Amino acid sequence: MEKKKEEKKDEKKEVCLLGRPGNTLKMGIVGLPNVGKSTMFNLLSKAQVPAKNVMFCTIDPNQAKVEVPDKRWEHLVELYKPKRKFPAALTIVDIAGLVKGASKNQGMGNEFLSNIQSVDGIYEVIRAFDDEDIQHFEGDVDPIRDLEIIRDELMAKDLQTIDRSLEDLEKVIKRTNDKEMKLKKEMLEKVKQMYDEKKNIRDNSDWNYKEIEWLNEYLFFTAKPIVYCINIPDEDYVRKKNHYLKKIVDWIKNNGGGKIIAFSCSFEERLGQMSPEEQQKYCEENKTESNLGKIITAGYQALDLIHYFTCGPDEVKCWTVRKGSKAPKAAGIIHTDFERGFISAEVMKYDDLNKLGSEAEVKKAGLQRNEGKNYVVCDGDIIYFKFNVSDPGKKKKDKAK
Ligand code: GDP
């Protein structure tokens with residue numbers, strides 16, 4: 001009974017993520033036009049998406065798999081010197097700019113909103129740079145107004161879904177007097193009330209298990225985790241000051257909170273033109289650094305993703321799983337046979353390997369543990385799975401790396 005309760009508690013924590021199962025989750029870049037979304041996407045992915053000073057130049061969503069920086073992985077590559085190496089990756093989608101009225105299909109709003117619906121988490125890009133040459137859709141630069149436009153459009157679109165659903169539910173309830181449907185209706189009314197108060201679904205920790213299941217059917221916008229990326233001018237980034245920033249941080253704090261990263265497209269573009277040696281020298285002299293890695297990591301973490309490693313002379317590879325995944329499920333990412341025929345997982349902690357210097361030393365110290373099917377995989381585990389799949393006429397027993 002206790003265990004069941006615990007399990008439910010664990011699942012509840014994932015209110016915003018359970019909507020889509022699996023681990024190929026995506027972060028979508030969302031914001032008004034001309035705030036730096038495509039530039040940020042290009043910087044993150046180095047993929048060439050047209051980033052011109054043109055409204056709606058990004059019509060189709062562009063996707064890129066970007067490397068999640070991890071010093072542990074770099075160290076493991078040095079240690080094992082494998083033939084192949086695979087870092088952890090995060091899928092990022094560049095979504096065209098939303099404008100006021102998007103929920104009423106202004107500026108192709110419906111299409112762009114449905115692109116946001118298809119991602120699991122949101123990077124919201126906010127413009128905090130003044131530049132008269134770069135037209136602002138609303139006429140002037142005002143980050144708080146922009147934050148409110150995006151919030152209100154996302155909520156307005158969800159409210160359309162809610163109203164339609166409430167109508168349908170009322171008909172069903174009238175016909176069947178179904179108790180469950182009544183509870184579902186109450187839940188939707190609660191969301192409606194929250195939206196009236198401009199509160200996000202993700203910020204309420206009181207949802208019960210059933211409500212979470214229902215919420216995930218809808219994939220509401222404000223249930224998605226969010227990372228706010230504030231695009232400030234180059235010089236502000238280097239001197240660590242921007243006159244919009246305090247107001248933005250206060251607004252976000254008063255509106256449910258969320259991870260906030262100040263970055264600068266123009267700084268990152270300038271840094272990108274330098275050689276690695278010049279970059280290092282410049283960053284040391286100016287006590288600054290690129291924030292792109294932080295943005296990627298924050299997105300990965302917002303989606304509750306972690307990775308474990310498989311290491312050997314052939315390859316060192318990061319495998320991305322959802323936080324809380326048990327060993328068989330994590331094994332299934334390598335191959336479904338590994339999950340089906342799961343026997344056990346031999347687990348080393350990266351920190352032990354780092355401290356002791358080699359796999360042999362970790363084993364000698366008795367720190368490689370044999371874990372069973374209830375083991376919850378931790379970020380940075382180094383794992384060898386043992387599995388056994390018996391098919392008629394074909395026996396396979398293996399220790400998989
Ligand atoms: P999007 O519409 O939000 O995708 O915006 P883009 O990334 O296409 O950028 C629109 C224009 O703003 C381009 O001309 C960019 O070069 C410019 N831009 C982007 N970031 C910055 C910035 O930090 N400072 C300045 N001055 N211009 C920027």
Side-chain angles (χ1 to χ4, degrees), residues 3 6-7 9-11 13-14 17 21-25 65-91 293 296-389 398-401:
K3 211 172 132 210
E6 274 303 305
E7 275 172 15
K9 220 166 97 195
D10 279 355
E11 288 171 70
K13 273 191 223 142
E14 294 189 49
L17 294 175
N23 25 277
T24 48
L25 304 180
K65 270 196 157 190
V66 301
E67 182 176 334
V68 180
D70 185 351
K71 291 261 179 284
R72 300 167 305 179
W73 177 75
E74 285 171 23
H75 176 220
L76 291 171
V77 167
E78 262 173 46
L79 200 67
Y80 285 86
K81 299 188 176 42
K83 290 185 199 124
R84 296 180 304 273
K85 47 187 188 171
F86 300 93
L90 172 71
T91 305
I296 298 171
T297 304
Y300 196 69
Q301 288 171 347
L303 294 177
D304 256 0
L305 298 175
I306 58 167
H307 52 266
Y308 67 88
F309 305 104
T310 51
C311 300
D314 285 338
E315 61 179 45
V316 168
K317 187 161 181 169
C318 301
W319 298 90
T320 294
V321 293
R322 286 271 180 86
K323 210 185 215 166
S325 296
K326 293 199 173 154
K329 200 160 199 80
I333 291 167
I334 301 179
H335 197 289
T336 46
D337 278 359
F338 286 25
E339 182 171 3
R340 204 155 52 92
F342 179 87
I343 298 172
S344 64
E346 285 177 7
V347 183
M348 265 188 290
K349 296 286 167 196
Y350 168 81
D351 286 345
D352 291 333
L353 183 66
N354 186 29
K355 220 180 315 165
L356 298 173
S358 75
E359 236 181 87
E361 288 300 318
V362 175
K363 280 184 195 159
K364 216 162 86 188
L367 292 172
Q368 186 183 48
R369 296 194 178 86
N370 199 30
E371 303 284 2
K373 63 179 177 12
N374 284 323
Y375 177 71
V376 175
V377 170
C378 301
D379 187 44
D381 278 352
I382 299 164
I383 308 186
Y384 298 98
F385 290 108
K386 285 185 185 163
F387 71 104
N388 183 355
V389 184
D398 202 357
K399 181 170 159 180
K401 281 192 179 181

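Bear in mind the structure is a predicted one, so any value in this text is a computation, not a measurement.
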By side-chain contact (heavy atoms from CB on, under 4.5 Å) - contacts of [X] (at least two apart):
| X | answer |
| --- | --- |
| Gln368 | Glu346, Met348, Lys363, Tyr384 |
| Asp351 | none |
| Glu74 | Lys71 |

Sequence neighbours excluded, which residues qualify as side-chain hydrogen bond (donor to acceptor under 3.5 Å, both in side chains) partners of [X]?
| X | value |
| --- | --- |
| Ser325 | none |
| Tyr308 | none |
| Asp352 | none |
| Asn354 | none |

Exercise: identify the closest heavy-atom pair between [X] and [Y]:
| X | Y | value |
| --- | --- | --- |
| Tyr300 | Leu90 | N-CD2, 3.8 Å |
| Ala89 | Val68 | C-CG2, 3.8 Å |
| Ala331 | Phe338 | O-CB, 3.4 Å |
| Thr320 | Ala88 | OG1-CB, 4.2 Å |
| Ala330 | Val377 | CB-CG2, 3.7 Å |
| Tyr375 | Val347 | OH-CG1, 3.8 Å |

Checklist entry - Taking only residues two or more places apart in sequence or in another chain, which ones pass ring pair (Phe, Tyr, Trp, His ring centres under 6.0 Å) with Tyr350? => result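 In terms of ring pair (Phe, Tyr, Trp, His ring centres under 6.0 Å), with neighbours along the sequence ignored, Tyr350 is linked to His75.
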Checklist entry - In chain order, what residues pass the ring pair (Phe, Tyr, Trp, His ring centres under 6.0 Å) check against Phe309, with sequence neighbours excluded? => result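 Once residues adjacent in sequence are excluded, the partners of Phe309 under the ring pair (Phe, Tyr, Trp, His ring centres under 6.0 Å) criterion are His307.
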Checklist entry - Can you pull the salt bridge (charged side-chain N to carboxylate O under 4.0 Å, His left out) pairs that have at least one residue in residues 367-385, sequence neighbours excluded? => result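 Pairs touching residues 367-385 that pass the test: Arg72-Asp379, Lys349-Asp381.
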Side chains of [X] and [Y] in contact at under 4.5 Å (non-hydrogen atoms):
| X | Y | result |
| --- | --- | --- |
| Val362 | Ile382 | no |
| Thr297 | Pro69 | yes |
| Leu353 | Leu76 | yes |
| Thr91 | Leu25 | no |

Item to check | Residues that Lys81 engages under salt bridge (charged side-chain N to carboxylate O under 4.0 Å, His left out), provided they are two or more places apart | outcome: none
Item to check | Glu361: partners by salt bridge (charged side-chain N to carboxylate O under 4.0 Å, His left out), with sequence neighbours left out | outcome: Lys364
Item to check | Spatial distance of atom CD1 (Ile343) from atom CG (Asn370) [nearest 0.5 Å] | outcome: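 Those atoms lie 10.0 Å apart.
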Next on the checklist: To the nearest 0.5 Å, what is the distance between CZ on Phe385 and CD1 on Ile333?
Outcome noted: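 Between atom CZ of Phe385 and atom CD1 of Ile333 there are 8.5 Å.
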Next on the checklist: For Phe86, is there any backbone N or O sitting under 3.5 Å from a side-chain donor or acceptor partner on Trp73?
Outcome noted: yes
